[in-house]
2 protein chains.
Amino acid sequence: MTEATPDRRGGRQLPTADELRIWRDFIETTAALGSRLESRLQSDSSLSTGDYAVLLALSEAQGQAMRSSELASHIGWERSRLSHHLGRMERRGLIRRQECATVPRGAEVLLTAAGAEAFKGATFPHLRAIRELFVDALTPDQVVAAGEIATALSAHLDALRAE
Amino acid sequence: MTEATPDRRGGRQLPTADELRIWRDFIETTAALGSRLESRLQSDSSLSTGDYAVLLALSEAQGQAMRSSELASHIGWERSRLSHHLGRMERRGLIRRQECATVPRGAEVLLTAAGAEAFKGATFPHLRAIRELFVDALTPDQVVAAGEIATALSAHLDALRAE
DNA sequence: ACCTACCAGTTGACATGTCAATGATGCTAA
DNA sequence: TTAGCATCATTGACATGTCAACTGGTAGGT
């Protein structure tokens with residue numbers, strides 16, 4: 001890892017001032033974008049983006065039901081996070097849980113009528129907000145670039161995790 | 001707003017399937033990136049990124065002290081969020097609060113020796129993590145593009161807020 | 001002086017997230 | 001058989017974030 005040319009890529013430990021400024025802009029702006037989407041969804045439909053992710057997965061599932069751990073890996077959450085979240089959603093009547101007949105200790109998560117209704121009402125305003133806050137902010141080239149950046153970052157994170 | 005060509009930009013309400021896929025990749029990846037940085041910082045230094053932001057601002061401030069609301073606007077936090085966070089940091093001995101002599105009702109936030117020490121120890125591993133997780137994942141062109149995307153998104157969010 | 005409006009900061013209630021520990025159950029190897 | 005061991009899901013403790021209400025003090029208009 002140590003090299004004779006410490007300011008070349010691969011031989012440098014720390015980001016340059018420019019890279020650091022870009023990092024800060026990037027991470028703060030994406031966080032702000034996420035929370036704007038969150039509050040738009042909240043005021044349009046009284047759902048959080050977490051609720052929406054769960055309802056979306058269940059809506060698309062066979063029989064509008066999934067095993068808990070299947071759901072967790074589908075939306076990329078830890079099981080404990082999902083379990084807490086499902087408890088809150090169950091209290092609000094958006095989903096139901098019941099023992100799974102086929103899998104020992106498995107819990108089935110079911111979409112309720114109220115949950116399906118809430119999801120249906122939330123979808124259009126949510127997609128519109130994505131367009132207004134994200135797509136409309138960028139040129140078509142920038143949208144493509146954003147996709148490539150996300151792909152590169154994601155692959156890099158996976159590669160580091162695998163080490 | 002209504003136009004005769006609903007699939008042209010400006011006449012379309014909803015994102016295309018491609019745009020939506022890119023949106024999901026983008027927002028999920030940036031969130032994952034943030035939480036990886038968070039956990040790296042946590043294990044390297046027992047600080048959160050919130051702690052780090054506060055300590056960074058105080059370290060760079062005159063006399064290593066700032067008024068609470070000045071600090072809040074400097075790092076872009078709501079006052080209540082900062083107040084809660086300062087309470088937690090004060091319990092851990094990283095900062096101190098005292099009445100401000102010059103401003104009525106103003107609270108001064110002071111960096112303690114332990115806080116300065118913690119910040120000093122955290123900086124190098126944190127910057128190294130930014131390089132490893134973000135800069136190293138992208139080509140130089142992509143880093144520049146990420147900066148431009150952040151700038152465009154940020155400007156767009158500001159413009160929408162101003163409406 | 002008095003009423004009002006604002007300002008800085010705190011607080012409480014609650015939603016959300018992580019981590020570690022705990023049940024409950026099946027699998028496997030001595 | 002049974003003693004470990006992995007798996008599925010939940011739980012509790014706690015950190016973090018938002019929102020709205022509150023506290024105390026200052027300033028302006030009448």
Side-chain angles (χ1 to χ4, degrees), chain A residues 28 31-43 45-54 65-92 94-110, chain B residues 28 31-43 45-55 65-110:
Chain A
E28 279 165 22
L33 178 59
S35 65
R36 282 286 274 279
L37 242 295
E38 183 82 49
S39 72
R40 281 279 295 254
L41 184 59
Q42 183 67 231
S43 54
S45 67
S46 296
L47 296 177
S48 68
T49 51
D51 298 334
Y52 188 84
V54 169
M66 286 177 91
R67 288 261 318 294
S68 176
S69 57
E70 199 187 342
L71 178 55
S73 69
H74 188 73
I75 61 182
W77 286 9
E78 294 181 13
R79 272 202 311 249
S80 116
R81 175 181 175 185
L82 180 61
S83 190
H84 282 299
H85 205 98
L86 291 179
R88 292 187 293 262
M89 291 181 74
E90 194 165 31
R91 278 205 302 278
R92 292 190 288 148
L94 298 171
I95 57 117
R96 235 166 10 93
R97 281 186 282 197
Q98 68 180 25
E99 299 246 332
C100 175
T102 64
V103 177
R105 287 307 315 149
E108 281 240 88
V109 184
L110 306 171
Chain B
E28 280 166 22
L33 177 59
S35 66
R36 283 287 273 281
L37 243 294
E38 183 83 49
S39 74
R40 281 279 296 256
L41 184 58
Q42 183 66 232
S43 54
S45 67
S46 295
L47 295 177
S48 67
T49 52
D51 298 334
Y52 188 84
V54 169
L55 295 178
M66 285 178 93
R67 286 265 317 295
S68 175
S69 57
E70 199 187 341
L71 178 53
S73 69
H74 188 74
I75 61 182
W77 287 10
E78 294 181 13
R79 275 202 316 261
S80 116
R81 175 181 176 185
L82 180 61
S83 188
H84 282 300
H85 205 97
L86 291 179
R88 292 187 294 263
M89 292 181 73
E90 193 166 32
R91 279 204 302 277
R92 291 190 288 146
L94 298 171
I95 57 116
R96 235 165 11 91
R97 282 186 281 197
Q98 68 180 24
E99 300 247 332
C100 174
T102 65
V103 178
R105 289 301 317 148
E108 282 241 88
V109 183
L110 305 171

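Letters go in sequence order (proteins before strands), and every chain restarts at 1.
The distance from atom CG of A:Leu47 to atom C1' of D:dT18 is 17 Å, rounded to the nearest whole Å. When the P atom of D:dT10 is taken as reference, atom CZ of A:Arg67 falls 11 Å away, rounded to whole Å. One interatomic measurement links the two molecules: CZ of A:Arg81 to C1' of D:dT11, which rounds to 18 Å at whole-angstrom precision. Spacing between atom CD of A:Glu28 and atom C1' of D:dG17 amounts to 16 Å, rounded to whole angstrom units. At whole-Å resolution of the value, CD in B:Glu99 and P in D:dT23 are 18 Å apart. For the pair A:Gln42 CD and C:dC14 P, the computed distance is 15 Å after rounding to whole Å. The separation between A:Arg97 atom CZ and D:dC8 atom C1' is 13 Å, rounded to whole Å. Note: CG (A:Leu82) to C1' (C:dT18) measures 14 Å, nearest angstrom.
Of the residues in residues 83-92 of chain A, those placing a heavy atom less than 4.0 Å from an atom of DNA chain C are A:His84, A:His85, A:Arg88, in numerical order. Less than 4.0 Å separates DNA chain D from at least one heavy atom of each of the following residues of residues 68-80 of chain B: B:Glu78, B:Ser80.
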Indicate every side-chain donor-acceptor pair of residues 68-81 of chain B with a distance under 3.5 Å to a residue at least two apart or in another chain.
residue	atom	partner	partner atom	Å
B:Ser69	OG	B:Arg67	NH2	3.3
B:Glu70	OE1	B:Arg67	N	3.4
B:Ser73	OG	B:Glu70	O	3.2

Would you be so kind as to tabulate the donor-acceptor pairs closer than 3.5 Å made by side chains of residues 84-92 of chain B, with sequence neighbours excluded?
residue	atom	partner	partner atom	Å
B:His85	ND1	B:Arg88	NH2	3.3
B:His85	NE2	B:Asp51	N	3.4
B:His85	NE2	B:Asp51	OD1	2.7
B:Glu90	OE1	B:Arg97	NE	3.2
B:Glu90	OE1	B:Arg97	NH2	3.3
B:Glu90	OE2	B:Arg97	N	3.0
B:Arg92	NH2	B:Asp51	OD1	2.9
B:Arg92	NH2	B:Asp51	OD2	2.7

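When the side-chain contact (heavy atoms from CB on, under 4.5 Å) test is applied to A:Glu38, the partners found at least two apart in sequence or on another chain are A:Ser48, A:Thr49. For B:Arg36, there are no side-chain hydrogen bond (donor to acceptor under 3.5 Å, both in side chains) partners, not counting sequence neighbours.
When each of A:Glu38 and B:Ser39 is assigned the nucleotide of DNA chain C bearing its nearest heavy atom, the one mapping closer to the 5' terminus is A:Glu38.
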Checklist line | Full working for side-chain contact (heavy atoms from CB on, under 4.5 Å) between B:Leu94 and B:Val54 | finding: CA-CA 10 Å; B:Leu94 298 171; B:Val54 169; over 6 Å; no
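Contact check for A:Leu82 versus A:Val109: no side-chain heavy atoms found under the 4.5 Å cut-off.
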